Amino acid sequence: MNAMPLVLGALAIFALAYRFYFSFITAKVLTLDDSRATPATEFYDKQNYVPMNKWVLFGHHFAAIAGAGPLVGPVLACQFGYFPGFLWMVLGAVFAGAVHDVVILSASVRHEGKSLALIAREEIGKVTSGITASFATFIIIIISLAGLGLVVVNALTHSAWGTFTIASTIPIALLMGVWMFVFRKHKTVEATVIGVFLLTLAVIFGKYVPGSPIGSWFDFDTKTMTLLLAGYGFFASVLPVWLLLSPRDYLSSIMKLGVVAMLALGIIIVAPVLKMPAFTPFVYGGGPVIPGTLFPYLFITIACGAISGFHSLISSGTTPKMIMTESHIKPIAVGAMLSEGMVSIMALIAAASLFPMDYFMINVPPEKLAHYLPMLKSLGFTASDLPRLQAQVGENVTGRTGGAVSLAVGMAQIFSSIPGFKSLMSYWYHFAIMFEALFILTTIDAGTRVARFILQEMLGKIYKPLGRNEWLPANLFASGLVVLFWGYFIYTGSISTIWPMFGTANQLLATIALTVGTSYLINNGKVRYSWVTIIPLVFVGVTTLTAGIMNIIGTYIPQLSTEKLFLQGSINLIMTTLIILSVLIILKDAVPGWIRAMKKNPVNLSVQKN
């Protein structure tokens, strides 16, 4: 099948949803009002609460929420065929992900920019909900930062080109921040032109850094790269948000969306044929990439492209503290989520354009692939172009699991198929690898700052001054602890022990956020419209709780009987169980309040229906 109908269909659905469905939600359900003061203007402190230009804040928000998920998840889920993932990303992004993001961002703006945990405590009205939400959000964000950080470290280790280009974005961002907020206040267009020009030069000339006299300056081993990444995360968390974090995320988003637009243009020009079938027999389980069945594992493998609990941390973390007016909430929350949905669809198309045999040869370890080869050949997956692709990219990509490499090969194949670009396959492949690292890094800096907010809220219960975001010693202390936590997991390699549970934990966090969002709507007299969050809550909650229980029974408990896997199984079993219990506690606290509200105002409900 040609890829064009998928691209055009998704664009049309997202455009219509943005124009009509989310106009209804923001006007009728959330009743956004520009006459209300936002936290950025009410608590302006030049540090965390800073009114930000709509497009700069869009760039920050998109960069913060779009990490590895929209790139890697769809590639791995391509094992089931291209259509299940495509359908979930289109419907999920509209009816789950964007709803989740816009409701939580609106709730946080109306709650003085507070975190999801504090909103849970105020809206659900139970101390237990606030405590469990704090526990779940902090644990999940540390795990996610460590896991995403490991991807960046692996991508940039001994990669002078990638390290130089990404390191260049830091001084460029500092220049943009000073330009927009000190030298030429509010001159966003000027800063954008300067930033894009300098970033383009960094990308072009970065290719020539390896082998040059300065190449060794940007060539680091894993341990050193981990320390450098931790140092960057610390400063991004501590420095004023307008100086480094927002300008860099804005600049990164320009590059991200620019590359995605180039990929879309390449798909339009090349019109690649999707060689992966719409469905494969692996929907019933037993696949070489994802051993589980399509339900529920598709819905935790593809997270950020459809719905992700991590988004709720950004929507109740940095972004609400920078919203200038409430009318900006829709383009920032909904626009960023639907843009991420398109990124995911492009990643799926890039992977599905490879021959199925090539896809599995890249994403499955060779020793495991040997077991599956007869089955793959019996399915008709015999054609292969991998030797030619490897020769053109200049690397052996066989058995490079995880999805990132197969995505880079797919992107490079599309770009090099454009007339005049055929000889640039190696360039596009290495550019795609660097692009993926940049894509993920922007989640780490914003995530570290959000984790600092969450930790300060908890520490403030012990010693009140530690809860003050504007107090520099508290900022330094909390930021140091956060970086120490996720940096330790990367430096010691222990993140590999707990990373397998992240997909389930992330979607359980989305369940918590949708529960809090439903309580927010009901408490604000929107019982009639509570279906907007209840429907995705039920679907995401059921699928993710099912996946969590299946993982416990089918994976973690059996690991306890193996000495080599005992520690990993024990940790994942305990952590998954605790997060599932957190979800159940919050639901237990929230649902009775919903029922009471519905029973208390039956007249209002009947009047509204008329």
Side-chain angles (χ1 to χ4, degrees), residues 63 67-68 71-72 148-176 195-236 244 247-249 251-252 254-256 258-259 262 362 389-398 400 402-409 411-412 415-416 421 423-445 487 490-491 493:
L71 299 178
V72 175
L148 295 172
L150 181 63
V151 176
V152 174
V153 168
N154 289 340
L156 297 183
T157 296
H158 298 304
S159 175
W161 179 17
T163 302
F164 169 81
T165 304
I166 290 176
S168 298
T169 63
I170 297 175
I172 295 172
L174 291 170
L175 173 62
M176 291 175 66
V196 170
F197 174 73
L198 293 176
L199 178 61
T200 303
L201 291 180
V203 171
I204 293 173
F205 290 106
K207 182 179 186 298
Y208 303 101
V209 169
S212 72
I214 64 169
S216 60
W217 299 0
F218 301 95
D219 190 329
F220 303 105
D221 60 22
T222 301
K223 300 292 187 183
T224 305
M225 184 59 67
T226 301
L227 295 175
L228 290 172
L229 182 63
Y232 168 71
F234 176 81
F235 284 108
L244 176 60
R248 189 187 175 283
D249 287 352
L251 183 65
S252 298
I254 293 173
M255 182 176 177
K256 288 181 179 184
V259 173
M262 287 169 52
I362 296 173
L389 293 175
Q390 290 186 142
Q392 289 185 339
V393 302
E395 285 190 17
N396 179 11
V397 298
T398 302
R400 300 281 294 275
V405 171
S406 56
L407 172 60
V409 172
M411 289 175 63
F415 284 140
S416 62
F421 288 177
S423 62
L424 298 176
M425 181 78 171
S426 177
Y427 177 89
W428 287 121
Y429 169 78
H430 289 92
F431 174 81
I433 292 292
M434 184 271 294
F435 165 71
E436 291 175 29
L438 175 70
F439 215 97
I440 299 167
L441 182 60
T442 51
T443 300
I444 295 172
D445 52 17
I490 302 175
Y491 195 85

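Worth saying up front: this structure is predicted, and the values here are computed from it rather than measured.
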Practice task
List the steps and the verdict of side-chain contact (heavy atoms from CB on, under 4.5 Å) for Thr398 and Ile362.
Solution key: CA-CA 5 Å; Thr398 302; Ile362 296 173; over 6 Å; no
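At least one side-chain heavy atom of Met225 sits less than 4.5 Å from a side-chain heavy atom of Thr163. Here the side chains of Gln390 and Tyr429 are not in contact, with every heavy-atom distance at 4.5 Å or above.
Rounding to the nearest 0.5 Å gives a distance of 11.5 Å between CG of Leu389 and OG of Ser406. Taking CD1 of Ile490 as the start and CG of Leu148 as the end, the distance is 9.0 Å to the nearest 0.5 Å. Taken from CD1 in Ile172 to CG in Leu198, the straight-line distance is 5.0 Å, to the nearest 0.5 Å. One finds the CD1 atom of Ile204 at 10.5 Å from the OG1 atom of Thr165 (value rounded to the nearest 0.5 Å). With rounding to the nearest 0.5 angstrom, the CG atom of Asp445 is 9.5 Å from the CG atom of Leu229. In this structure, OG in Ser168 is found 10.5 Å from CG in Leu251, a value given to the nearest 0.5 Å.
Trp161 has its ring centre no less than 6.0 Å from the ring centre of Phe205. Phe421 and Phe415 have their aromatic ring centers separated by at least 6.0 angstrom.
Pro247 and Ala173 make their closest contact through CB-O, 3.3 Å (heavy atoms, listed as atom of the first residue, atom of the second, distance). Nearest heavy atoms, Val209 versus Phe218: CG1-CD1, 4.0 Å. Nearest heavy atom pair, residue Ala63 against residue Lys256, reads O-NZ, 3.2 Å. Closest non-hydrogen pair, Leu199 versus Met255, comes out as CD2-CB, 3.8 Å. Looking at every heavy atom in both residues, Met411 comes nearest to Val259 through CE-CG1, 4.0 Å. In terms of heavy-atom proximity, Ala160 sits nearest to Gly215 at CB-O, 3.8 Å.
In this structure a side-chain-to-backbone donor-acceptor pair under 3.5 Å is present from Thr169 to Ile166. The main-chain N or O of Phe220 is never found under 3.5 Å from a side-chain atom of Thr224 such that the two would form a donor-acceptor pair. Looking at Gln392, its side chain never comes within 3.5 Å of a backbone N or O of Ser426 through a donor-acceptor pair.
Atom CZ of Phe235 sits in a sparse spot, with 12 or fewer heavy atoms from other residues, nucleotides or ligands closer than 6.0 Å.
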